[in-house]
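Here, residue 1 is the first one in the sequence, and each next residue gets the next number. As the structure lists them, so they are numbered: ligands from 1, and atoms in each ligand from 1. Since we're looking at a predicted model, the values are computed, not measured.
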Amino acid sequence: MTHAGETPRPEPDQSTIRPPSVSGRLHHLPAVHRLLASPCLAPWLQSLGRVRVRMACTTVLDQIREEAAGPVPDLDIICARVVNHLRQTTEPHLRRVINATGVVLHTGLGRAPLAQAAVSAVQHTATHYTNLELDLDNGQRGHRSDLVAAHLRAITGAEAALVVNNNAAAVLLVLAAVAVGREVVISRGELVEIGGSFRIPEVLAQSGAHLREVGTTNRTYARDYAAALGPETALLLKVHQSNFRILGFTTAPEIAELTALGHAHGIPVAFDMGSGALVPGLPGTEQAPHHNVRSALEAGADVVTFSGDKLLGGPQAGILCGRAAYIDACAHHPLQRALRVDKMTLAALEATLDLYRSGNLEAIPTLRMLLRSERELAACAEELRQRIAHRLGPHCATSVIAGDSVAGGGSLPEYPLPTAVVAVRPMTCGVDTLAARLRRGAIPVVARIGNDALLLDPRTLLPGDELALPELLATAMEQASDHG
Ligand SMILES: *Cc1c(COP(=O)(O)O)cnc(C)c1O
């Protein structure tokens, strides 16, 4: 729909149809057709068409009429307001942002950016028909999860695997399929709430299973679990504490102790890992073997649940790996249909898992960010500092200082990742004002504040971000200084 060739119809001159009683200031209000003829709206007329731009002009003129006393703004300023209004009403609400926080898996910023291969797979799947639920060999109905199950079995050593919409769904499904109407034994130290109000006791209640809490907040022993076992026990559940830690005087049995206990009594053990690593060698995971899916399964866990978009670095998904009997029970439970994953997620997940299988870990942005060395980060920080100093000149002081990034998403919270950050101290406005303006820029930038400076961590910058940042900072500084 292009309106470029349309001859402009004359618009009624708004200023001439005002009733005479209207206050004098409004006589200076320009007519809509004058606004539409102004050069600054020409590109918008081209891209959006006359109707939409005219509506924006009318809206802004109405706003000015309603504003209290004071002179009517100049034509330029009114046009700028129209452009602003058009930007706000036509820009998508879900926008790309620059993550300068150093939090690799930032739930507020959408967690893992996808690998290029995953993006291509999504695009291809989204624009074509697919064999989502058709077994091409025999022409029969297939199960969508089977498309990635072989990859997951090969990578984790699991007997079977199932994919659902997110990890919260995976936990709910295990509890409903394995423990409905019966007891689930869980340590009081693991009755946690994970960001966004996923609370273990509430999910358990929704699943129809009964909570049997054991031990204390800081110390729970295998013997506490043993004392709770009985004819009603359906499952032992271990939950990774995620972004919460009790430090000091603490005890919790290792997964192997729990599985030895459970299996001696014929009771399965599930482990909600939250952030499951598929490869060894991620920073911090040597000291935290409870993050590795394969080791948890080797330690005897019957079902392990984890997110697709945490340490795995793929799309939002919930993955269940483990013994075939329990995974099958989950796959055939009626809730599975409500929690199922869509074709684009499966495409992205398959492509990401394929990168794991071919050992191409550098192609997965999350892993690349986690594995960046301090030396490389220091060099990036210095380069970024120079670009910023060059663009902003004397309006701010810049330096490179040592800092910590974090994996985020409840992953490896106890192991900060050393980094180097660019500290920007504005001279002409406060640092909070600058941060707020940056968030509202043409490409929103999210950064941390510390020591009265804006801290930009190169670890989470994506290629090209370092080129955009100086300009975005300059614009934010100008606006922050103008408006205080
Ligand atoms: C993050 C997390 C969840 C929720 O996973 P989503 O994929 O966000 O639904 C559940 N349990 C643990 C331990 C977690 O860390």
Using a distance-only test with no angle check, is there a side-chain donor-acceptor pair under 3.5 angstrom linking T101 and N99?
yes
Would you say T352's side chain and G314's backbone share a donor-acceptor pair under 3.5 angstrom?
no
R111: what forms a side-chain hydrogen bond (donor to acceptor under 3.5 Å, both in side chains) with it, not counting sequence neighbours?
T107, D309
The atoms of ligand 1 lying under 4.0 Å from a heavy atom of H240, numbered in the order shown, are 13 (C)
Any N or O of A168 closer than 3.5 Å to N or O of ligand 1
yes
I need the contact type for K238 against ligand 1. Using non-hydrogen atoms and a strict under-4.0 Å cut-off, is it side chain, backbone, both or neither?
neither
Numbering the atoms of ligand 1 from 1, which are under 4.0 Å from a heavy atom of R111?
6 (P), 7 (O), 8 (O)
Consider ligand 1: state whether an atom of it lies below 4.0 angstrom from any non-hydrogen atom of V171.
no
Looking at side-chain heavy atoms only, is the closest gap between L237 and V185 below 4.5 Å?
no
Counting only heavy atoms, which portion of I194 has something under 4.0 Å from ligand 1: side chain, backbone, both, or neither?
side chain
Enumerate the atoms of ligand 1 whose separation from the nearest heavy atom of S307 is less than 4.0 angstrom.
5 (O), 6 (P), 7 (O)
Decide whether T156 and R294 meet the rule of one side-chain donor and one side-chain acceptor closer than 3.5 Å.
no
Please check if the side chain of R425 supplies one atom and the backbone of A397 the other of a donor-acceptor pair under 3.5 Å.
no
Under 4.0 Å from one or more heavy atoms of F198, ligand 1 contributes atoms 10 (C), 11 (N)
Using atom types as modelled, flag every donor-acceptor pair under 3.5 Å from a side chain in residues 147-155 to any protein atom, sequence neighbours excluded.
residue: H151; atom: ND1; partner: R357; partner atom: NH1; Å: 3.0
residue: H151; atom: NE2; partner: D354; partner atom: OD1; Å: 3.2

If the contact criterion is a heavy-atom separation under 4.0 Å, does K310 count as touching ligand 1?
yes
